[in-house]
Enquirer: 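Questions regarding the structure given below will be posed in turn.
This is a predicted model, so every value here is computed, not measured.
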Amino acid sequence: MKKLLIIMCLALAGSNAFAQKFDTPESGDWALGLNIPVTWGDKMHLGVQPKVQFYATSQFRIETSFGYYFKAKERIDWDLNLNFHYLFPMKDTGLWIYPILGIQFLHRHYTVEVDDANQARVGLNAGAGLQYDIEENLYVNAEVKYTYTNDFDRGNVLVGIGYHF
């Protein structure tokens with residue numbers, strides 16, 4: 001009987017810890033983070049993307065980021081993004097889902113034999129993301145978005161981590 005009581009107490013304590021709800025960010029909070037993006041279009045690219053987020057309200061945030069994509073097939077890309085997220089909480093789970101809408105400035109540098117070429121485009125970002133709060137101020141995220149440009153359309157899958165303060 002003692003063993004059953006101890007197991008029930010441990011199970012109850014564990015389920016209570018799992019259902020713990022953290023405070024939501026408040027208006028004026030900031031977050032810093034890093035995404036690892038993989039893009040596809042005419043070629044796949046892997047990169048790094050530091051980000052800064054500002055919470056205009058507890059659920060609406062503005063994100064700016066700079067992505068650098070490693071050289072692949074004689075091409076290097078970098079981009080600047082300004083995205084808007086509206087976070088929807090998933091009832092006491094620490095999960096948030098959010099739509100993504102924003103703009104992007106994309107720069108592409110080609111090296112073909114001895115010639116260099118640079119191209120730049122402005123595009124529209126649209127997609128969705130999922131965020132999971134690990135601790136009070138620490139979260140991980142995954143996003144899928146598509147960038148619509150004149151002739152550089154590309155899909156993006158990003159995984160990242162962030163810290164809000």
Enquirer: Identify the two heavy atoms, one from F88 and one from P99, that lie closest to each other, and give their separation to 0.1 Å.
Expert: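 Nearest pair, atom of F88 first, then P99: CE1-CD, 3.8 Å.
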Enquirer: Does the side chain of I76 reach to within under 4.5 Å of the side chain of Y68, using non-hydrogen atoms?
Expert: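 I76 reaches Y68 side chain to side chain.
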Enquirer: Mind listing the closest non-hydrogen atom pair of N81 and Q104 along with its distance?
Expert: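 Minimum heavy-atom separation between N81 and Q104: OD1-NE2, 2.9 Å.
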Enquirer: Could you report the tightest heavy-atom contact between P89 and Q59, atom names first, then the distance?
Expert: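 Heavy atoms only, the tightest pair is CD-NE2, 3.2 Å.
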Enquirer: Do L158 and F66 share a hydrophobic cluster, counting only Ile, Leu, Val, Met, Phe, Trp and Tyr and linking them when any side-chain heavy atoms are less than 4.5 Å apart?
Expert: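 Unlinked, L158 and F66 end up in two clusters.
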Enquirer: Looking at CG of L34 and CD1 of I36, how far apart are the two atoms once the value is rounded to the nearest 0.5 Å?
Expert: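 Answer for the CG-CD1 pair, L34 versus I36, is 4.5 Å.
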Enquirer: Restricting to side-chain hydrogen bond (donor to acceptor under 3.5 Å, both in side chains), what partner residues turn up for D133, sequence neighbours left out?
Expert: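 So D133 forms a side-chain hydrogen bond (donor to acceptor under 3.5 Å, both in side chains) with W96, Q131.
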Enquirer: Within the distance-only criterion (no hydrogens, no angle test), does the side chain of D153 pair as donor or acceptor with the backbone N or O of T149 below 3.5 angstrom?
Expert: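 Confirmed, D153 side chain pairs with T149 backbone.
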Enquirer: Tell me, please, whether Y69 has R108 positioned over its six-membered ring: NZ or CZ under 6.0 Å from the ring centre and within 45 degrees of its axis?
Expert: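 No, R108 and Y69 do not form such a contact.
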Enquirer: Quickly, which of Q119, H45, H109 forms a side-chain hydrogen bond (donor to acceptor under 3.5 Å, both in side chains) with R75? Name it, please.
Expert: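 Exactly one candidate clears the test, H45.
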Enquirer: So which heavy atom on P25 is nearest to which on S58, and how close?
Expert: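 P25 and S58 have their closest heavy atoms at O-CB, 3.0 Å.
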Enquirer: Looking at CG of L80 and OG of S65, how far apart are the two atoms once the value is rounded to the nearest 0.5 Å?
Expert: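 It is 8.0 Å, given to the nearest 0.5 Å.
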Enquirer: Using the side-chain contact (heavy atoms from CB on, under 4.5 Å) rule, pick out the option among I100, N35, V144, T39 that qualifies with N156.
Expert: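 Only one option passes, and that is T39.
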Enquirer: Evaluate side chain to side chain contact (heavy atoms under 4.5 Å, CB included) for I97 paired with M90, printing each intermediate quantity in order.
Expert: CA-CA 7 Å; I97 59 170; M90 302 306 293; 4.0 Å; yes
Enquirer: In this structure, would L82 and Y148 fall into the same cluster of hydrophobic residues linked by side-chain contacts under 4.5 Å?
Expert: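 Hydrophobic grouping puts L82 apart from Y148.
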Enquirer: Can D77 and R154 be counted as an ion pair, charged N to O under 4.0 angstrom?
Expert: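 Judged by the 4.0 Å cut-off on N to carboxylate O distance, D77 and R154 do form a salt bridge.
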Enquirer: In Å and rounded to the nearest 0.5 Å, what is the CG to CH2 distance from L32 to W30?
Expert: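 Rounded to the nearest 0.5 Å, the CG-CH2 separation comes out at 9.0 Å.
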Enquirer: About how many Å separate CG of L124 and CG of L101, when rounded to the nearest 0.5 Å?
Expert: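 CG of L124 is found 5.5 Å from CG of L101.
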Enquirer: Stepwise, does the side chain to side chain contact (heavy atoms under 4.5 Å, CB included) test hold for H85 with E143?
Expert: CA-CA 11 Å; H85 304 160; E143 296 179 357; 3.8 Å; yes
Enquirer: Would you kindly confirm whether F70 and W78 end up in one hydrophobic cluster when ILVMFWY residues are joined by side chain heavy atoms under 4.5 Å apart?
Expert: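 Yes, F70 and W78 fall within the same hydrophobic cluster.
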Enquirer: Rounded to the nearest 0.5 Å, how far apart are CG of L106 and CZ of F152?
Expert: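 Going from CG on L106 over to CZ on F152, the span is 6.0 Å.
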Enquirer: Could you check if a side-chain atom of L130 sits within less than 4.5 angstrom of a side-chain atom of L95, using non-hydrogen atoms only?
Expert: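 Sidechains of L95 and L130: in contact.
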Enquirer: For residues F105 and A120, report the shortest heavy-atom separation together with the two atoms involved.
Expert: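 That closest heavy-atom pairing would be CZ-CB, 3.6 Å.
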Enquirer: How far apart are the closest heavy atoms of Y139 and N141, and which atoms are they?
Expert: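 Scanning both residues completely, I find the closest heavy atoms to be CE1-OD1, 3.9 Å.
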Enquirer: When rounded to the nearest 0.5 angstrom, what is the spacing between OG1 in T147 and CZ in R121?
Expert: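 T147 OG1 to R121 CZ: 14.0 Å, rounded to 0.5 Å.
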Enquirer: Check the pair Q53 / T64 against side chain to side chain contact (heavy atoms under 4.5 Å, CB included), numbers first and verdict last.
Expert: CA-CA 6 Å; Q53 298 171 328; T64 184; over 6 Å; no
Enquirer: Among residues at least two apart in sequence or on other chains, which ones pass side chain to side chain contact (heavy atoms under 4.5 Å, CB included) with F60?
Expert: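 F60 satisfies side chain to side chain contact (heavy atoms under 4.5 Å, CB included) with A56, T57, I62, F84, Y86 only.
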Enquirer: Taking side chain as C-beta onward, heavy atoms only, is L87 less than 4.5 Å from Y55?
Expert: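 The answer is yes; the side chains approach within 4.5 Å.
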